[in-house]
Student: 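To start, I am sharing the structure in question, which I have written as structure tokens.
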Amino acid sequence: MPTFTEIAEHAKVSPVVCSLPKLASFYLDDLAVYTSLDNFHHDLYDPDYRFEEDVVIDTDEHHPDYVRLSCDEEPVSPQLNEVVDWSDREHHDRLRRELLPQSGLKDYILRNVIGETVVVLLIVDGLSYESIRTTNLPVQPVIVDGITTTEPGFKRIIYGNDNVSLYSELLHKKNFANKLGFTYWARGQEELSTDLHASMGNDIRRIRDFSEAIEYLSNNSPLTNRTYIQITRMGLDQESHNKKEAPNQEAVIENIVEDIRKLESELSKQERSYKIFATSDHGILWRTQLPDRPNVVIDDYKHQPRYVTGREKVPHSMTLTDSEGEIVSGLAYPYLARDFKHTEWGVHGGFSYYESVVPLIELASKHKDGDSK
């Protein structure tokens, strides 16, 4: 099937009809993309309208006068770094319109919990969509609509665009009166963990390994109907820094996939209606994913490599205000605020395909024995 480049070549000869995938407009930025034949014909038959670009009509409609092409090229891939200006707000707005934004995950989960009696939210600390997209897990891309650091990422997932947690919404709208939380941090030991589990009372258990959560679920089956389970799991964030040797990324990803499958297997054994949502707070930009000599715009070790706090007008960045009112400038790919330290293998906090696009994995039982009341 034609690539984006080939579609553009066809459009030089005559208008092309093609149903385009999401984000295709970034790859066809030099073309005029119409959303229907009617819209195109409106301009075509307007004697005062002058076409300045070649035309692609994004529709499934047929027309005898135009070439009709199919496109199955994957736009959500590392190539996105070549067509997106990660310091451009308009580009970010386009990404958020076409992909599911991270702050919309809470509402997305609420809409997609229909009759399940067990709902699991698994948040992996540091996991790129790129790391998961070629596995056998059902996954869709999610755009991180903010700075790609741990605390705001977790909060966007749990709280969305307001101060009401996902569990509170499930309790009041879906009658999920029972809850379980599993975390690597002890309650009160880690301020963020306490905040993320604030609505879940004392039903939080500290685990040192994911297998402890699986074992608990196994030993306490069957679970009481209408149970919400929230799990935080270490991912590639901890592997990306303070390591003398390069981490084995593939092995870590394999373990994450295996844990998700074990969770699915354990819930399926209990023969109940369940749904698992697995996602991440942010991705990781690895050294190997940068040019050999990336451009360092500040070269000051008091800053993080990919973002600068308390400072605006940083070159090649987009400045945001965080939930605490602090100004943060995230650097666009492939720029750095400083060079990597010897123990840093990956970084995050800026804007790139690797940091800003995270996975949403959904797994569900093949039967439902609940209802949506």
Side-chain angles (χ1 to χ4, degrees), residues 96-97 99-125 127 138-146 150-183 185 187-188 190-205 213 216-217 220 223-233 260 263-264 267 270 272-282 322-324 358-365 368-373:
R96 295 170 191 182
R97 285 195 300 269
L99 298 180
L100 174 62
Q102 188 176 57
S103 61
L105 275 172
K106 183 183 77 169
D107 289 339
Y108 177 89
I109 292 171
L110 288 169
R111 288 196 305 271
N112 285 277
V113 172
I114 308 299
E116 292 80 12
T117 55
V118 175
V119 171
V120 182
L121 173 62
L122 168 61
I123 309 176
V124 180
D125 188 4
L127 184 65
V139 61
Q140 68 168 299
V142 171
I143 186 71
V144 179
D145 48 338
T150 300
E151 181 171 344
F154 269 87
K155 287 183 175 180
R156 279 189 291 267
I157 295 166
I158 298 296
Y159 290 99
N161 290 309
D162 52 43
N163 293 318
V164 182
S165 71
L166 172 60
Y167 173 65
S168 294
E169 297 274 24
L170 284 170
L171 172 61
H172 292 104
K173 294 181 178 179
K174 306 284 185 175
N175 198 27
F176 276 75
N178 305 290
K179 71 274 189 194
L180 286 170
F182 299 96
T183 178
W185 298 302
R187 187 178 177 88
E190 169 60 51
E191 183 178 348
L192 174 59
S193 180
T194 301
D195 187 27
L196 298 178
H197 298 93
S199 65
M200 299 182 68
N202 294 318
D203 297 306
I204 311 298
R205 287 160 180 79
Y216 181 90
L217 294 176
N220 289 272
L223 296 171
T224 305
N225 278 355
R226 306 294 182 144
T227 299
Y228 169 68
I229 302 169
Q230 184 173 305
I231 308 173
T232 57
R233 187 199 189 282
I260 293 172
L263 177 62
E264 179 188 31
L267 291 178
Q270 299 189 21
R272 58 179 60 248
S273 177
Y274 66 84
K275 186 164 281 189
I276 299 168
F277 300 90
T279 189
S280 177
D281 52 344
H282 58 75
D322 66 16
S323 59
E324 306 298 325
V358 295
L360 174 61
I361 300 156
E362 294 182 63
L363 297 166
S365 56
K368 286 184 168 66
D369 55 12
D371 56 57
S372 57
K373 293 180 182 178

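Atom set for the values below is all heavy atoms of this structure, side chains included, hydrogens, waters and symmetry mates excluded. Here, residue 1 is the first one in the sequence, and each next residue gets the next number.
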Student: Could you work out, with side-chain hydrogen bond (donor to acceptor under 3.5 Å, both in side chains) as the rule, every residue matching N220, not counting sequence neighbours?
Tutor: none
Student: To the nearest 0.5 angstrom, please state how far the NZ atom of K155 sits from the CG atom of D281.
Tutor: 13.0 Å
Student: With a 6.0 Å cut-off on the ring centroids, do Y228 and Y167 count as close?
Tutor: yes
Student: Could you measure the distance from the CG atom of L360 to the CD atom of Q102? Nearest 0.5 Å is fine.
Tutor: 10.5 Å
Student: To the nearest 0.5 Å, what is the distance between CG on L363 and CG on L263?
Tutor: 8.5 Å
Student: I need the I123 CD1 to R233 CZ distance, nearest 0.5 Å.
Tutor: 13.5 Å
Student: Return yes if some donor-acceptor pair links the side-chain N/O of S280 with the main-chain N/O of V124 below 3.5 Å, else return no.
Tutor: yes
Student: Are there more than 12 heavy atoms of other residues, nucleotides or ligands under 6.0 Å from atom CG of N163?
Tutor: no
Student: Does any non-hydrogen side-chain atom of P359 lie less than 4.5 Å from one of L127?
Tutor: yes
Student: What heavy-atom pair brings V142 and P101 nearest, and what distance separates the two atoms?
Tutor: CG1-C, 3.9 Å
Student: Within the side chain of N178, is there an N or O that forms a donor-acceptor pair under 3.5 Å with the backbone of N225?
Tutor: yes
Student: Taking atom CD1 of I231 and atom CG of L217, what is their separation to the nearest 0.5 Å?
Tutor: 6.5 Å
Student: Any idea which heavy atoms bring G146 and R156 closest together, and the distance?
Tutor: CA-NH1, 3.6 Å
Student: Test D162 against K106 for side-chain contact (heavy atoms from CB on, under 4.5 Å), laying out the working first.
Tutor: CA-CA 10 Å; D162 52 43; K106 183 183 77 169; 2.7 Å; yes
Student: I'd like to know whether K174 forms a side-chain contact (heavy atoms from CB on, under 4.5 Å) with E116, so could you lay out the CA-CA distance, the side-chain angles of the two residues, the decisive distance to 0.1 Å, and finally the verdict.
Tutor: CA-CA 10 Å; K174 306 284 185 175; E116 292 80 12; over 6 Å; no
Student: Using the side-chain contact (heavy atoms from CB on, under 4.5 Å) rule, take L110 and L166 through it: C-alpha gap first, then chi angles, then the decisive distance, then the call.
Tutor: CA-CA 8 Å; L110 288 169; L166 172 60; 4.2 Å; yes
Student: Looking at residues at least two apart in the chain, or sitting in another chain, which of them share a salt bridge (charged side-chain N to carboxylate O under 4.0 Å, His left out) with E264?
Tutor: R261
Student: From L105 CG over to L121 CG, what is the distance, rounded to the nearest 0.5 angstrom?
Tutor: 8.5 Å
Student: State whether a side-chain donor-acceptor pair under 3.5 Å links T117 with S273.
Tutor: no
Student: Do you know which two heavy atoms are closest between L223 and Q270, and how far apart they sit?
Tutor: N-OE1, 3.4 Å
Student: Looking at T183 and T232, would you say the former's side chain and the latter's main chain have a donor-acceptor pair under 3.5 Å?
Tutor: no
Student: Could you tell me which residues satisfy side chain to side chain contact (heavy atoms under 4.5 Å, CB included) with N112, sequence neighbours excluded, listed by chain and number?
Tutor: Y108, K275, F277
